[in-house]
Amino acid sequence: MLRADIQLRLGTLDLAVALEAAPGEVVAVLGPNGAGKTTLLRALAGLVPIARGSVVLDDVVLEDAAARSYVPPERRPIGVVFQSYLLFPHLSVRDNVAFGLRARGRGRGADAVAERWLERVGLAAYADARPSALSGGQAQRVALARALATDPRLLLLDEPLAALDASTRVSVRRDLARDLRQFEGIRILVTHDPLDAIALADRLVIIEGGRVLQSGTPAEVTQRPRSRYVADLVGVNLIRGHALAGRIALDGGGTLISSDATEGDVFAVVYPRSVSLHSRQPEGTPRNVWRGRISAIDQQGDRVRVAVDGEPTLVAEVTPAAVRELTLAEGGEVWLSLKATEIAVYPA
């Protein structure tokens with residue numbers, strides 16, 4: 001079991017994160033650039049000293065700021081896969097995998113252990129090759145084998161798929177998911193890609209401004225986002241306001257009518273596909289109708305996301321045919337409608 005309370009300052013970053021993770025669990029840490037994700041991983045590995053708090057792994061104290069106890073990185077049962085993999089270009093693939101064992105004074109049999117791990121990741125044929133002969137996906141698997149060869153209790157992965165191009169990312173993600181399932185220890189994954197997080201993780205931890213803003217299963221986090229960052233990740237509109245008797249007074253101006261009975265300070269989630277656009281004020285039964293001005297149009301495959309400034313400001317999702325029929329253009333005015341039943345409301 002990992003129990004960590006990391007508090008430190010690094011430049012303008014003020015990091016204060018409490019984190020727990022159990023064996024066999026994959027925890028993905030997400031957040032915008034500068035949120036403190038990589039710094040958190042480096043602190044767990046002992047590469048960045050903490051100012052306050054502690055890191056405890058399997059009831060062994062690796063660091064305790066109050067007691068001034070500190071276990072150096074090379075003595076921690078932790079494996080790290082860095083974003084750039086950091087393979088040694090002058091060493092063979094076998095020697096790269098064996099490097100961690102030798103650095104920990106376990107040189108005897110290191111080559112045999114390295115070869116077993118290369119077999120497990122499907123790269124036994126590359127044992128004598130140099131890293132320059134590897135593809136991006138192969139380099140990632142060598143870095144993972146090197147981290148696991150030391151038999152760590154905690155595996156830290158910092159953006160392990162970020163260096164890959166789109167054509168190889170899907171297959172390498174699938175291979176990584178398989179390799180992680182075979183590792184029985186604790187796994188912490190830092191990523192900015194929600195697809196990687198949802199595909200690989202059992203639990204998500206969202207960090208913004210050095211603080212944990214939200215955590216839970218991928219379904220819990222994506223269904224009930226608690227920040228604009230998370231809402232943007234999953235492609236929904238997130239609005240905050242105060243609800244009373246089905247009427248939500250929005251913090252940014254405007255009012256929405258919802259069929260939900262939740263009262264008090266709330267978040268309201270609106271899926272872009274639920275927002276209808278019209279060239280003139282619509283007739284019929286929608287409880288929410290208002291006018292806005294188009295600020296952006298973004299075509300994504302067979303769908304078009306249309307950002308509309310108004311009260312409230314929302315993103316709608318329509319077809320390319322609808323864009324042509326409604327003659328939608330940036331700067332143009334448009335009417336929006338939204339059914340009360342299409343608004344998901346939960347306490348803020």
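Atom CZ of R305 has more than 12 heavy atoms from other residues, nucleotides or ligands within 6.0 Å. Dense packing is recorded around CZ of R102, with more than 12 heavy atoms of other residues, nucleotides or ligands lying under 6.0 Å away. Atom CD of E283 has 12 or fewer heavy atoms from other residues, nucleotides or ligands within 6.0 Å. No more than 12 heavy-atom neighbours from other residues, nucleotides or ligands sit within 6.0 angstrom of CD on E184. Within 6.0 Å of atom CZ in R178, more than 12 heavy atoms from other residues, nucleotides or ligands are found, so the atom counts as buried in its surroundings. Annotation: Y126, atom OH; neighbour count of heavy atoms from other residues, nucleotides and ligands within 6.0 Å does not exceed 12. No more than 12 heavy atoms of other residues, nucleotides or ligands sit less than 6.0 Å from atom CD of E119.
In this structure, the side chains of L233 and V221 stay at 4.5 Å or more apart for every pair of heavy atoms. Residues L238 and R226 are not in side-chain contact: their nearest non-hydrogen atoms beyond the backbone lie 4.5 Å or more apart. In this structure, V269 and R224 have side chains that are not in contact, with every pair of non-hydrogen atoms separated by 4.5 Å or more. Taking the side chain as every heavy atom from C-beta outward, L40 and V190 never approach each other to under 4.5 Å. The shortest distance between side-chain heavy atoms of T39 and I6 does not fall below 4.5 Å. In this structure, the side chains of P272 and N237 come closer than 4.5 Å at one or more pairs of heavy atoms. Residues L326 and V334 have side chains not in contact (no heavy-atom distance under 4.5 Å, counting atoms from C-beta outward). Residues L314 and V308 form no side-chain contact, since every pair of their non-hydrogen atoms from C-beta on lies 4.5 Å or further apart.
The same ILVMFWY cluster, assembled from side-chain heavy atoms under 4.5 Å apart, contains both V304 and L336. In the hydrophobic clustering of ILVMFWY residues, with side-chain heavy atoms under 4.5 Å counting as a link, L86 and L41 come out together. Hydrophobic clustering (side-chain heavy atoms under 4.5 Å, transitive across Ile, Leu, Val, Met, Phe, Trp, Tyr) groups V172 together with L148.
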Practice task
Report the C-alpha separation of R146 and F88 in whole Å, then their side-chain angles, then the decisive distance to 0.1 Å, and conclude whether the side-chain contact (heavy atoms from CB on, under 4.5 Å) test is met.
Solution key: CA-CA 11 Å; R146 180 177 62 185; F88 299 107; 3.8 Å; yes
Practice task
Run the numbers on Q83 and T38 for side-chain contact (heavy atoms from CB on, under 4.5 Å), then give the verdict.
Solution key: CA-CA 10 Å; Q83 179 175 342; T38 294; 5.5 Å; no
Practice task
Please report the C-alpha distance between D5 and I50 in whole Å, then the side-chain angles of each, then the deciding distance to 0.1 Å, and finally whether the side-chain contact (heavy atoms from CB on, under 4.5 Å) criterion is met.
Solution key: CA-CA 9 Å; D5 178 12; I50 63 176; over 6 Å; no
Practice task
Apply side-chain contact (heavy atoms from CB on, under 4.5 Å) to the pair L123 and Q138, showing each step before the final yes or no.
Solution key: CA-CA 8 Å; L123 292 174; Q138 291 169 336; 3.8 Å; yes
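P23 pairs with exactly one of L154, L2, I186 by the side chain to side chain contact (heavy atoms under 4.5 Å, CB included) rule, that one being I186.
E342 places no side-chain N or O within 3.5 Å of a backbone atom of S274 that could act as its donor or acceptor partner. With E263 contributing its side chain and A245 its backbone, the two residues share a donor-acceptor pair below 3.5 Å. For the pair Y271 (side chain) and E317 (backbone), a donor-acceptor distance under 3.5 Å is absent. A distance-only check finds a donor-acceptor pair linking the side chain of K37 to the backbone of G31 [under 3.5 Å]. Judged by distance alone, the side chain of N288 and the main-chain N or O of L338 form a donor-acceptor pair under 3.5 Å.
In summary, D111 and R94 do not engage in a salt bridge, as defined by a charged side-chain N under 4.0 Å from a carboxylate O.
T262 and D260 share a side-chain donor-acceptor pair at under 3.5 Å.
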